[in-house]
Amino acid sequence: HVQLVESGGGSVQAGGSLTLSCTASGYFYTDLCMGWFRQTPGKEREGVAGIEGDGSTSYADSVKGRFTISKDNAKNTLFLQMNSLKPEDTAMYYCAAGGISRCYDGGFVYWGQGTQVTVS
């Protein structure tokens with residue numbers, strides 16, 4: 001039983017920066033895989049970035065070099081630092097957690113309600 005709550009979304013200008021956060025509460029038996037996804041109307045969610053229990057990270061090609069995923073384990077908080085934002089980054093952003101420390105497709109079982117990011 002894990003609850004995830006995102007914050008930090010908003011409207012920014014192209015080229016600007018924004019940092020999203022996601023605070024987790026509930027049971028954590030290990031350092032779980034955590035990730036960020038995004039979704040636009042009529043499309044399936046797409047993976048943006050992931051971080052495994054050992055700290056290793058991965059990124060979608062579309063955001064590599066611009067976005068950085070990180071965690072503050074003491075505060076059970078996940079971050080997504082987004083730089084050089086583009087209009088195509090506009091989406092509802094969701095944080096998610098897997099059931100184990102390693103990340104794998106289909107392994108995300110806990111989801112937040114999302115926070116809207118709009119890039120003009």
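The first residue in the sequence is number 1, and the count goes up from there. Heavy-atom basis, side chains included; hydrogens, waters and symmetry copies ignored.
- Within the structure, disulfide bond (SG atoms under 2.5 Å apart) pairs that include any residue of residues 58-93 do not occur (at least two apart or interchain).
- Without hydrogens or angle criteria, Arg66 side chain to Ser62 main chain gives a donor-acceptor distance under 3.5 Å.
- Residues passing the side-chain hydrogen bond (donor to acceptor under 3.5 Å, both in side chains) test with Asn83, sequence neighbours excluded: Ser17.
- Counting only residues at least two apart or in different chains, disulfide bond (SG atoms under 2.5 Å apart) contacts with residues 63-106 comprise Cys22-Cys95, Cys33-Cys103.
- For Phe37, the ring pair (Phe, Tyr, Trp, His ring centres under 6.0 Å) partners at least two apart in sequence or on another chain are Phe108, Trp111.
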Open item on the list: Applying side-chain contact (heavy atoms from CB on, under 4.5 Å) to Gln3 and Tyr110, what does each step give before you reach the verdict?
Closed with: CA-CA 7 Å; Gln3 285 188 308; Tyr110 305 108; over 6 Å; no

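- With a 4.5 Å cut-off on side-chain heavy atoms, Glu6 and Tyr94 count as touching.
- The salt bridge (charged side-chain N to carboxylate O under 4.0 Å, His left out) analysis of residues 67-87, with sequence neighbours excluded, yields no pairs.
- Residue pairs satisfying the disulfide bond (SG atoms under 2.5 Å apart) criterion with at least one member in residues 41-89, sequence neighbours excluded, are absent.
- Distance check: Tyr93 OH to Leu80 CG gives 7.5 Å after rounding to the nearest 0.5 Å.
- Under the side chain to side chain contact (heavy atoms under 4.5 Å, CB included) criterion, Ser7 pairs with Ser21, not counting sequence neighbours.
- Contact of the Leu4 side chain with the Met34 side chain is registered, since non-hydrogen atoms from C-beta on lie closer than 4.5 Å.
- Annotation: side chain of Val117 is in contact with side chain of Leu18 (closest heavy-atom distance under 4.5 Å).
- Residue pairs that meet the salt bridge (charged side-chain N to carboxylate O under 4.0 Å, His left out) test with at least one member in residues 33-43, sequence neighbours left out, are Arg38-Glu46, Arg38-Asp89.
- Hydrophobic clustering (side-chain heavy atoms under 4.5 Å, transitive across Ile, Leu, Val, Met, Phe, Trp, Tyr) groups Trp36 together with Val63.
- A heavy-atom distance below 4.5 Å is found between the side chains of Tyr59 and Thr68.
- Connection of Val48 to Val109 is established within a shared hydrophobic cluster, with ILVMFWY side chains joined at heavy-atom distances below 4.5 Å, either directly or through further cluster members.
- Here CD1 of Ile51 is found 7.0 Å from CG of Leu78. Values are rounded to the nearest 0.5 Å.
- Atom-to-atom distance recorded for Thr118:OG1 and Met92:CE is 8.5 Å, nearest 0.5 angstrom.
- Thr90 places a side-chain heavy atom less than 4.5 Å from the side chain of Gln116.
- Partners of Lys64 according to the salt bridge (charged side-chain N to carboxylate O under 4.0 Å, His left out) rule, which considers only residues two or more places apart in sequence or in another chain, are Asp61.
- Remark: Gln13 CD is loosely packed, at most 12 non-hydrogen atoms of other residues, nucleotides or ligands lying under 6.0 Å away.
- Annotation: side-chain hydrogen bond (donor to acceptor under 3.5 Å, both in side chains) contacts of Asp105 (sequence neighbours excluded): none.
- In this structure Thr23 satisfies the side chain to side chain contact (heavy atoms under 4.5 Å, CB included) test together with Thr77, sequence neighbours excluded.
- Listed by first then second residue, pairs satisfying disulfide bond (SG atoms under 2.5 Å apart) with a partner in residues 48-85 number zero, not counting sequence neighbours.
- Few gaps surround CZ on Arg45; more than 12 heavy atoms of other groups in view lie less than 6.0 Å from it.
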Task: Step-by-step side-chain contact (heavy atoms from CB on, under 4.5 Å) determination, Leu20 to Met82 - done: CA-CA 8 Å; Leu20 307 181; Met82 304 182 292; 3.7 Å; yes

